[in-house]
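Below: the structure, in structure tokens.
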Number of protein chains: 2
Amino acid sequence: MADAPRKATITDVARTAGVSLSTVSRVMNGNATVDPQLAERVRATAVDLGYSANPLARSLVLGRTQTVAVVVPDLANPTFQAILRGISRAAASSGYHVLIADSAEQVDEERLLAVETRRRTDGVILCAPRMEQDQLEALLPGLSPVVVVNRARQDAAPVVTADYRGALAELVEHLYSLGHRRLAFLAGVARSASNAARLTALAQARSALGDLEIVEVACGVDFDSGSAVADTVLATGATGILAFNDLVAMGLLSALADRGVRVPEDVSVVGFDDIPFARYTSPPLTTAAVPAAELGERAWRAMHALLTGTEPEAFAILAPHVAVRGSTSAAAS
Amino acid sequence: MADAPRKATITDVARTAGVSLSTVSRVMNGNATVDPQLAERVRATAVDLGYSANPLARSLVLGRTQTVAVVVPDLANPTFQAILRGISRAAASSGYHVLIADSAEQVDEERLLAVETRRRTDGVILCAPRMEQDQLEALLPGLSPVVVVNRARQDAAPVVTADYRGALAELVEHLYSLGHRRLAFLAGVARSASNAARLTALAQARSALGDLEIVEVACGVDFDSGSAVADTVLATGATGILAFNDLVAMGLLSALADRGVRVPEDVSVVGFDDIPFARYTSPPLTTAAVPAAELGERAWRAMHALLTGTEPEAFAILAPHVAVRGSTSAAAS
DNA sequence: CTGTTAGCGCGTTCAA
DNA sequence: TTGAACGCGCTAACAG
């Protein structure tokens, strides 16, 4: 388990090939103004010595690292995992590396991580930063080039975000078109941005559709929360139920089954996120999802534009995908 | 969205404070041999100018980057996500950064990614490398310091792995202790290492427990595979069923319910992995899991030992955790 | 077309 | 205790 032997340097190659450093550098960087024979000789000794340029030294002199940093609030969260994957794959295909920083939901760590990783990279992508808007505004300029994911539009950086509002709106329309006129919404954590987006969607739906009623039921974000509110939900008399997410919907489904309430014959239920198991519940869950991996891909695209001097899209909002499955059907008449 | 202004360099600080570069360097690195007053003045101007040492230049001269690379076969795989998270958190708490590389299951990319990222970092952690053993052996020495996760013991690097064999063995024992004497194993992909580990466990169980029968049923790794083999499984007459993983078990559970077969009254079913929804199936699934995040943590520990010159544990094998839930009970007598 | 020189920004000898 | 000089390994001006 000894250390790897010291890598050959450009000096080694130059000396062995009997040329100057610059010549080796030119050859390695494909600079055409080198005698073909000489170039070939240099290339041969480079291969011979197993030489390749030290990326650190290169970065120092070139002022670029071919690396971007990604700061996420929680690597355990599937959404950020998917975003990270999207970024990573896209960046790799552009020849870039990815440095990852997990703030573990410590809001006060975000700034530090961003600043610190930015210094080792050519740019930073902030995923759903938890900090306040004014803090974010103060931070962004010093981070440039920087891209923000899942936040409101910013002046100092391009933003790529998913349309949580639109996603819920589509689900509401789906239920409405099936004839449901009385809906219940199982709310998640009150102060979260994504819950706010959902509430906005509901408000808009109410004012757009005069004969639609939507009652809100305080709930939560997990399986148990969903199953706990079953009786409350049934008491509302709603025929269509919008769960905060798929977990909540699954909990509700389970509790409804226990009570002998049939889905979708008696009530229709929709979830949110389209987690992998949504298609395997009984009945399979109608749900909506934001394309997280594509979010990452688009974030990279914006970053790449900044890096290459092109003008990035200032604000991209990705449309959700609604998967209609067995948990929804026409309202009983 | 303009670029961030050029950061202050050590030269700027030295000039502004009216001292030499070396003095600033000493102060910044806490070298005690500096006049307290002078040090304070330097520190003040450093803060004033918002100075902090350029990590790249530092890395070049110090020969270390405070960064390690992690190469994974597939960032979409929950297991590797968890391992990555474990590494990331542990490394961060030691003041290290993590560079991530996703080979996207392209075996021929693994070597390149490892070598390339290694050059930008102080070491590399190879997660479940897909390459053949002889290729791995040839690669490891040049990567040192390097740690391998989820492979057999190696000469050239410490290995941290989960005990897949032991995990299945525990499940078998669990069923055996409940009185089951005829079991069925739903096999996954034939040539995979983790499937091989499971088969080994079965073979050992068969020879250790004389009155135990285990029949193997070719299956697959997903929900549909599990539901497709339901009839075949029932035909074996087994009372205890070991699914390759939780998805398979869930598919089977679903198909058994359709056929009116009661779980666990008629047959007991166990899964593998303990995915988040295993506890929410009906009945909740008895399953075993390898502690992926801890695997990452241990991998970091080994890497950190190599980095600090301590002797790492050459081979660590982590015990699985068996979660007994409602899908298993005493065999019908 | 090739070699020499000067940095990139820093840590670290070596004298003073 | 401090500063001057060197080098980490490389690229890019500038000569020749």
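Chain identifiers are assigned alphabetically (A, B, ...) following the order of the sequence lines, protein sequences preceding nucleic acid strands; residue numbering begins at 1 within each chain. As the structure is a computational prediction, the values presented were derived from the model and not from experiment.
- Contacts of B:D74 classified as side chain to side chain donor-acceptor pair (under 3.5 Å), with partners at least two apart in sequence or in another chain: A:R89.
- Among pairs with a residue in residues 16-40 of chain B, those fulfilling salt bridge (Lys or Arg N to Asp or Glu O under 4.0 Å) read B:E40-B:R43, at least two apart in sequence or across chains.
- Partners of B:M28 according to the side chain to side chain contact (heavy atoms under 4.5 Å, CB included) rule, which considers only residues two or more places apart in sequence or in another chain, are B:V24, B:A46, B:Y51.
- Under a 4.0 Å N-O distance rule, the pair A:E313/A:R298 qualifies as a salt bridge.
- With sequence neighbours excluded, the residues that form a ring pair (Phe, Tyr, Trp, His ring centres under 6.0 Å) with B:Y96 are B:W300.
- Take B:T9 and apply the side chain to side chain contact (heavy atoms under 4.5 Å, CB included) test, not counting sequence neighbours, and it matches B:R6, B:T11, B:D12.
- Among residues two or more places apart in sequence or in another chain, the side chain to side chain contact (heavy atoms under 4.5 Å, CB included) test is passed with A:V47 by none.
- The residue B:L56 sits apart from the nucleic acid: no heavy atom pair falls under 4.0 Å.
- In 5' to 3' order, the nucleotides of DNA chain C bounding all contacts with chain B (an atom under 4.0 Å from a heavy atom) are C:dG9 to C:dT13.
- The C1' atoms of five pairs define one axis at each end of the helix from C:dC1-D:dG16 to C:dA16-D:dT1, and these two axes lie 50° apart (to 10°).
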### Task
Any chance you could list the contact pattern along nucleotides 6-16 of chain D? Use B for base contacts, S for sugar-phosphate-only contacts and - for none, protein heavy atoms under 4.0 Å, 5' to 3'.
-BBBSSBB---
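- By the salt bridge (Lys or Arg N to Asp or Glu O under 4.0 Å) test, B:D122 pairs with no residue at all, sequence neighbours left out.
- Residues meeting the side chain to side chain donor-acceptor pair (under 3.5 Å) test with B:S52, sequence neighbours left out: A:R119.
- For A:A305, the side chain to side chain contact (heavy atoms under 4.5 Å, CB included) test picks out A:T310, A:P312, with sequence neighbours left out.
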